Amino acid sequence: MLDQRLLRDNPELICEQLGRRGMTLDLTGLQLMARQERDLEEQRSNLQAEGNRIGKEVGLKIKGGAAPNSPEVQALRDEGNRIKQQVAVLEEEEKALEAKLREELLTLPNLPSPDAPDGRSEEDNVEIKRWGSPRGKEDWLEEHWQIAERLGLFETERSVRIAQSRFVTLMGQGARLERALINFMLDLHGGKGYREVLPPILVNSASLTGSGQLPKFAEESFRCADDDLWLTPTAEVPVTSLHRGEVIPADQLPLKYVAYTPCFRREAGSYGRDTRGLIRLHQFNKVELYWFVAPDQSAEAHQQITADAEAVLEALELPYRKIELCTGDMGFSATRTYDLEVWLPGAGAYREISSCSVCGDFQARRSAIRMKDGKTTQLLHTLNGSGLAVGRTMAALLENGQQIDGSIKLPAALVPYFGAESIAAA
RNA sequence: GGAGAGGUGGCCGAGUGGUCGAAGGCGCAGCACUGGAAAUGCUGUAUAGGGGCAACUCUAUCGAGGGUUCGAAUCCCUCCCUCUCCGCCA
C-alpha cells in the first residue's frame with residue numbers, strides 16, 4: 001500500500017511512477033478524498049476536545065456540591081449531548097471516507113525503484129548474466145514430461161481422477177526426488193543463517209491482503225468459502241503475516257526465513273499454456289526465502305537473497321540466466337525484481353525458476369510491520385525470493401541430466417539426499 | 001462441540017462511573033554517588049493520527065465492535081482470542 005501522505009502531498013509522483021508500469025491514472029479524486037478525510041478528522045477531534053472539557057466540568061461541579069439536576073449542570077449536559085450528536089455525524093462520514101480511501105489505495109501497485117529498467121512487457125527485461133554451459137539441443141533429448149512418463153516418475157491421468165487437470169501425483173523415484181530437493185534446499189539455506197519455518201498453508205484474507213494478493217487478485221487463489229481461509233499461493237503470504245502488526249527491535253534485523261510450502265494457484269487465464277509436465281500446476285512445492293530488513297539495508301539484501309537463490313542452481317549444476325524485470329513486467333508488490341531462468345535443454349529454452357523481489361515498505365505498510373531503533377519507529381522493508389520452485393527444479397534436473405542410455409545423472413550435491421547417483425531407466 | 005476462568009503499557013500487576021493514558025513493581029535509558037562497578041537515589045520511559053519552526057498541544061487507543069451516560073478500563077450487548085476440564089480426533 002502506498003503512503004497516504006504521499007497521496008495528499010504529491011499524487012503527481014505516484015502517477016508518474018505508476019506510469020512506468022504502463023498505468024495511466026488520475027489521482028485528483030483520491031487526493032481530494034484524502035484531504036477531506038484529514039479535514040473531517042480535524043473538525044471531529046476539535047469537537048471531541050470540547051466535549052471532553054464539558055464532561056470534566058460537570059464532574060468538578062458535582063464534586064463541588066452542585067446538584068446533578070441543577071439548571072447549571074443540566075445546561076452543560078444538554079451541550080454535551082449536542083456535541084455528541086455532531087461528533088457522531090462527522091465520525092460516520094469520516095469512517096466511510098477512510099474505508100473508501102483504503103479500498104482504493106489497496107488496488108494500487110507498488111512504485112517501481114528508480115533502478116528498475118523501464119519497459120512495457122517481458123520483451124524489455126534485461127539480461128544480467130548467464131551461468132554454466134548449456135548443453136546443445138541434440139535430437140535424442142527429451143522434454144522433462146517425456147522423461148518422467150518414460151521413467152514412471154508421476155501420474156497425470158490418474159491425478160485428474162483424484163483432483164482435476166493441472167495436478168500431478170509424483171510416484172516412486174519422482175516422489176523421492178521431490179522430497180530430496182526440498183530437504184536439500186532447506187539444508188542449504190538453513191546453513192546460511194535462514195531460520196526454517198513450516199507455516200499454515202491455509203491463510204486468512206488479512207494475510208493475503210497484507211502481502212498484496214487481495215483485493216486485486218482474488219481469482220488467482222483457491223478459497224474455502226465457509227471459513228475465510230484460502231490456500232496460500234506462496235509461502236510469502238504466511239511468512240509476511242508471521243510478523244503482521246509487530247514492532248521489531250532493530251538489533252534483531254535482518255530476520256531471514258526459509259519456508260517450504262505447497263503453493264496453490266488457480267492459473268486463471270493460462271489455458272493451454274504449459275499443459276504437460278511440472279511447469280504450471282495448481283499445486284506445486286516451493287522453498288521460499290524471505291527477509292525483513294531495515295530500509296537502508298534492503299538494496300544490499302536484494303543482491304544477497306538473489307545470490308542465495310542462485311547458489312541452489314549452482315550447487316545443482318544447472319545452467320541459468322539472471323534477468324531483471326522491467327517496470328511493465330514486475331509483480332504488484334515489487335519495486336525491483338530479478339528472475340532466475342533455468343536452461344531446459346529438452347525444451348531448448350530458459351524457464352523461470354525463481355523470482356527475487358524487494359518490496360520496500362509496501363507489504364510492511366499493508367501488514368503494519370515496523371522496526372524500532374532507539375526512539376524512532378518506522379516501517380521496515382521486506383524481500384522474497386524462490387529458492388527454488390521444486391517441481392521446475394526437478395524438470396530441469398531431468399532435462400539436464402539426460403544420458404544417452406535413457407538414465408538421468410544427478411548432481412553430486414543431491415546424491416546424499418536422493419540416495420543414488422542417477423535415476424535408472426526403467 | 002460442552003462447562004468454567006480470563007484478556008490492562010516491554011513484562012508483572014492494581015484499578016467496578018468523574019482531572020485515569022492508567023497506581024505500584026520489574027525491565028530499560030539518562031544523571032548523581034564511585035577509581036571503576038554493584039548497591040542506592042533522582043529523572044525519564046506506549047502507539048497512531050492532526051496542528052505548531054519549536055517548546056508543546058489536541059484526538060483516539062485498557063482484546064475487537066456496538067450501546068448506556070455530560071463523562072466508561074470500570075455498566076450492558078455481540079464477536080474474537082487464551083487458559084483449565086470434558087468430549088471428539090491425527
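Chain A is the first sequence line, chain B the second, and so forth, proteins listed ahead of strands; every chain is numbered from 1. Everything numeric here is computed off the predicted structure, so don't read it as measured data.
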Base paired to [N] (Watson-Crick or G-U; both N/O distances under 3.5 angstrom):
N	answer
B/C79	B/G63
B/U84	B/A3
B/U69	none
B/A37	none
B/U43	B/A29
B/U19	none
B/A54	none
B/A90	none

Handout entry: Any residue meeting salt bridge (Lys or Arg N to Asp or Glu O under 4.0 Å) with A/D274, in chain and number order, not counting sequence neighbours
Key =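 By the salt bridge (Lys or Arg N to Asp or Glu O under 4.0 Å) rule, A/D274 matches A/R280, A/R351.
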Exercise for the section: Kindly write out the residues that satisfy salt bridge (Lys or Arg N to Asp or Glu O under 4.0 Å) with A/K322, not counting sequence neighbours, or none if the list is empty. Expected result: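 A/K322 satisfies salt bridge (Lys or Arg N to Asp or Glu O under 4.0 Å) with A/E310 once adjacent residues are dropped.
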side-chain hydrogen bond (donor to acceptor under 3.5 Å, both in side chains) against [X], all qualifying residues, sequence neighbours excluded:
X	result
A/E155	A/R158
A/E220	none
A/K100	A/E104
A/T209	none

Practice task
Can you run down the ring pair (Phe, Tyr, Trp, His ring centres under 6.0 Å) pairs that involve residues 197-233 of chain A, sequence neighbours left out, and say none if there aren't any?
Solution key: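 For residues 197-233 of chain A, and leaving out neighbouring residues, the ring pair (Phe, Tyr, Trp, His ring centres under 6.0 Å) pairs sorted by first residue read A/F217-A/F332, A/F222-A/H282.
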Exercise for the section: Provide the full list of side chain to side chain donor-acceptor pair (under 3.5 Å) pairs with a residue in residues 416-425 of chain A, sequence neighbours left out, each pair given once. Expected result: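 Qualifying pairs, neighbours excluded: A/D187-A/Y417.
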Please state the [atom1] separation for the pair [N] and [M] - nearest whole angstrom.
N	M	atom1	answer
B/U59	B/G1	C1'	44 Å
B/G35	B/U47	C1'	43 Å
B/A37	B/A46	C1'	32 Å
B/U74	B/A23	C1'	15 Å
B/A73	B/C86	P	39 Å
B/C75	B/U68	C1'	8 Å
B/U19	B/C31	C1'	31 Å
B/U84	B/A90	C1'	23 Å

Exercise for the section: Would you mind telling me which residue lines up with the more 5' stretch of RNA chain B, A/R5 or A/G55, judged by nearest nucleotide? Expected result: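 Upstream on the strand: A/G55.
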Practice task
Could you say whether A/S45 or A/R77 is positioned toward the 5' end of RNA chain B, judged by the nucleotide with the nearest heavy atom to each?
Solution key: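 Nearest-nucleotide comparison on RNA chain B picks A/S45.
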Practice task
At the 4.0 Å heavy-atom cut-off to chain A, mark where contacts on RNA chain B begin and end, going 5' to 3'.
Solution key: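 Both ends considered, the range comes out as B/G18 to B/G71.
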Practice task
Report the residues that fulfil side-chain contact (heavy atoms from CB on, under 4.5 Å) with A/S121, sequence neighbours left out, ordered by chain and then residue number.
Solution key: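 Scan of A/S121 (side-chain contact (heavy atoms from CB on, under 4.5 Å), adjacent residues dropped) gives A/E123, A/D124.
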Handout entry: Which atom of A/P199 lies closest to which atom of A/A259, heavy atoms considered
Key =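 Where A/P199 meets A/A259 most closely, the heavy atoms are CD-CB, 4.3 Å.
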Heavy atoms under 4.0 Å, any strand shown: does [X] hit a base, just sugar-phosphate, or nothing?
X	result
A/R53	nothing
A/D78	nothing
A/R82	nothing

Exercise for the section: Please list, by residue number, the residues of residues 59-67 of chain A whose heavy atoms come closer than 4.0 Å to an atom of RNA chain B; answer none if no residue qualifies. Expected result: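 Output list: A/G59, A/L60, A/I62.
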Practice task
Identify, residue by residue, the members of residues 237-256 of chain A with a heavy atom below 4.0 Å from RNA chain B, and return them in order of residue number, or none.
Solution key: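 Those residues whose heavy atoms fall under 4.0 Å from RNA chain B, taken from residues 237-256 of chain A, amount to none.
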Problem - Pair A/Y260 + A/H189: ring centers closer than 6.0 Å - result: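 They do not qualify: ring centres at least 6.0 Å apart.
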Problem - A/N204 and A/S207 side chains, donor-acceptor separation under 3.5 Å - result: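 Short answer, yes.
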Problem - Option from A/V293, A/V358, A/T337, A/D115 for which side chain to side chain contact (heavy atoms under 4.5 Å, CB included) with A/H302 holds - result: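 Going through the options one by one, the only one that passes is A/V358.
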